[in-house]
Amino acid sequence: MIDQIPKISAVYYGLLQSGYDFYSFEHSAEHIRRLQAFCKQKPSFAFFQRARQNTCDVYPYWPRAFILEAASFVLNGSNTGFQDLESFRRKLMSACNITEKERDESLWDWLADFPQALASVLSDGSFSEYLEWEKKWISEQEAVCGEEVCSIRKCLEILTGLYQSPVQKIRICINPIKCVYSLDYHLLGDCFVFTSGALRADSVIHEYLHHVVHPYVEQRKALVLENNTVNSQIDGSYYLSGNDDGSINAFEETVVRALTEEIMKGNYPEDLPAYLDNSLKQSRFER
């Protein structure tokens with residue numbers, strides 16, 4: 001099953017009303033026309049305009065679109081405020097894939113208005129119409145990708161057992177507005193939530209692997225920084241502002257990409273720490 005998560009839908013509907021146009025990649029002319037028809041450019045959704053920044057050249061909605069997704073999971077039941085803003089803040093402030101500039105006080109000043117902005121979208125009549133269309137679109141995706149969803153879930157079950165992940169539940173959320181190249185995941189207790197604009201098995205596996213690889217990368221920070229090898233095969237944005245966090249983030253991305261390729265071929269390295277150590281040795285050799 002592909003999940004429809006109304007709060008995520010509301011985030012991207014708000015972005016759509018504020019100039020988000022990354023929905024056009026790899027979609028049909030009809031898909032693009034349909035979303036353009038939903039675009040009302042409502043001034044009441046002006047909050048979402050500030051999601052676009054200039055800190056990431058390839059995708060100017062990173063990291064704020066992701067942050068809005070994450071924030072939607074920590075709203076209270078009535079969507080009037082945050083359940084535990086301090087815990088959410090600590091989580092974002094410790095994330096190694098977001099620069100200091102991207103999480104300064106201007107971010108938190110902006111996020112203070114998010115509950116009200118999202119509530120405005122959720123109660124909007126045109127959004128309700130969009131949500132019905134999105135539900136049908138998701139059903140169409142399920143009809144085409146049903147077998148792939150099943151294979152993804154089976155693969156994740158293997159990875160969960162093999163790498164001792166705490167994940168017990170998996171939610172796959174595909175949104176027709178979100179860029180198909182934008183892949184995100186949220187770990188909510190024992191629930192893994194994958195979000196993107198399209199369903200691709202390797203994309204889901206890739207994001208899932210980040211959460212199992214990350215603790216082992218953290219344990220090897222000193223060795224990673226000692227190597228400090230630049231991988232020209234990944235976008236420079238992974239290096240953030242060129243600090244230590246950027247090097248760690250880029251190394252994790254490099255390892256996850258290689259590991260994803262192995263798993264997509266049906267190879268499941270059983271000893272993940274040894275796999276990372278070998279990756280470090282290889283990067284030293286390539287320097």
Side-chain angles (χ1 to χ4, degrees), residues 1-3 66 70 91 94-97 145-174 181-196 198-235 238-239 244-287:
M1 287 287 291
I2 299 175
D3 282 340
F66 161 76
K91 186 175 181 180
S94 64
C96 66
N97 59 346
C145 306
E147 289 185 9
E148 189 166 12
V149 171
C150 290
S151 66
I152 289 170
R153 291 187 181 277
K154 287 179 182 177
C155 180
L156 295 188
E157 286 175 5
I158 294 171
L159 295 176
T160 297
L162 192 60
Y163 300 142
Q164 300 177 337
S165 164
V167 168
Q168 298 297 317
K169 294 177 241 177
I170 296 163
R171 303 184 71 183
I172 297 174
C173 176
I174 307 302
Y181 302 123
S182 175
L183 320 172
D184 293 302
Y185 80 88
H186 308 276
L187 200 57
L188 312 174
D190 64 356
C191 182
F192 173 84
V193 182
F194 169 84
T195 66
S196 185
L199 181 67
R200 294 190 179 96
D202 60 340
S203 298
V204 182
I205 303 306
H206 177 102
E207 292 304 307
Y208 185 89
L209 286 170
H210 268 293
H211 97 272
V212 294
V213 165
H214 183 71
Y216 294 110
V217 172
E218 287 288 301
Q219 294 169 8
R220 290 159 175 75
K221 269 187 174 183
L223 288 172
V224 173
L225 295 176
E226 185 182 318
N227 284 342
N228 200 23
T229 307
V230 176
N231 183 356
S232 61
Q233 300 302 309
I234 65 173
D235 187 82
Y238 286 102
Y239 286 91
D244 287 354
D245 280 348
S247 296
I248 300 295
N249 186 56
F251 174 74
E252 180 177 318
E253 178 65 19
T254 300
V255 169
V256 167
R257 288 190 184 189
L259 188 54
T260 301
E261 286 186 18
E262 287 296 314
I263 288 167
M264 293 306 295
K265 294 174 185 175
N267 303 323
Y268 292 81
E270 294 187 11
D271 192 335
L272 199 52
Y275 185 87
L276 263 74
D277 290 338
N278 186 58
S279 296
L280 278 166
K281 288 178 184 177
Q282 187 172 354
S283 64
R284 280 200 295 269
F285 178 76
E286 291 174 349
R287 285 182 69 177

- Message: Which heavy atom of C155 sits nearest to which heavy atom of I205, and what is that distance?
- Response: SG-CD1, 3.5 Å
- Salt-bridge test for E261 and R257: reply yes if a basic N is under 4.0 Å from a carboxylate O, no otherwise. no
- Note on the structure: Between the NE2 atom in H210 and the CG atom in N97, the distance rounded to the nearest 0.5 Å is 8.5 Å
- Message: Could you tell me if the side chain of V167 sits less than 4.5 Å from the side chain of H211, heavy atoms only?
- Response: yes
- Task: Tell me yes or no: between the side chains of T160 and Y208, is some donor less than 3.5 Å from an acceptor?
- Result: yes
- Query: What is the distance from atom OG of S203 to atom OH of Y185, rounded to the nearest 0.5 Å?
  - Reply: 15.0 Å
- Item | Non-hydrogen side-chain atoms of I172 and D3 separated by less than 4.5 Å | no
- Please name the pair of heavy atoms, one in V224 and one in S247, separated by the smallest distance, quoted to 0.1 Å. CG1-O, 4.1 Å
- salt bridge (Lys or Arg N to Asp or Glu O under 4.0 Å) filter on K91, not counting sequence neighbours, yields none
- Task: Write down the atom of L199, the atom of E148, and the distance for their closest heavy-atom approach.
- Result: O-OE1, 4.2 Å
- With a 4.5 Å heavy-atom cut-off, do E218 and I248 have their side chains touching? yes
- Query: Just how far is it from atom CG of D235 to atom OH of Y238, taken to the nearest 0.5 Å?
  - Reply: 7.0 Å
- Query: Is D277 salt-bridged to R220, cutoff N-O under 4.0 Å?
  - Reply: yes
- Query: Does a side-chain heavy-atom distance below 4.5 Å link Y163 with L209?
  - Reply: yes
- Heavy-atom closest contact (F194 atom, I174 atom, distance): CE2-CD1, 4.0 Å
- Do L259 and P269 have side-chain heavy atoms sitting under 4.5 Å apart? yes
- Message: Can you see whether D190 engages Q168 through a side-chain donor-acceptor pair at a distance of less than 3.5 angstrom?
- Response: no
- Task: For the residue pair D202 and T260, confirm or rule out a side-chain donor-acceptor distance under 3.5 Å.
- Result: no
- Measure the shortest side-chain to side-chain distance between H206 and E253 over non-hydrogen atoms and say whether it is less than 4.5 angstrom. yes
- Task: Would you give the length of the straight line joining atom CD of E207 to atom OG of S196, rounded to the nearest 0.5 angstrom?
- Result: 8.5 Å
- Item | Pair F66 and H186, ring centroids less than 6.0 Å apart | yes
- Message: Is there a side-chain contact between V217 and F251 in this structure, where contact means two heavy atoms from C-beta onward sitting under 4.5 Å apart?
- Response: yes
- One should read off an interatomic distance between C150 SG and I152 CD1, to the nearest 0.5 angstrom, of 9.5 Å
- Would you check if V149 and M1 make a side-chain contact, meaning some heavy-atom pair closer than 4.5 Å? no
- Nearest-0.5 Å distance that lies between atom CD1 in I158 and atom OH in Y268: 4.0 Å
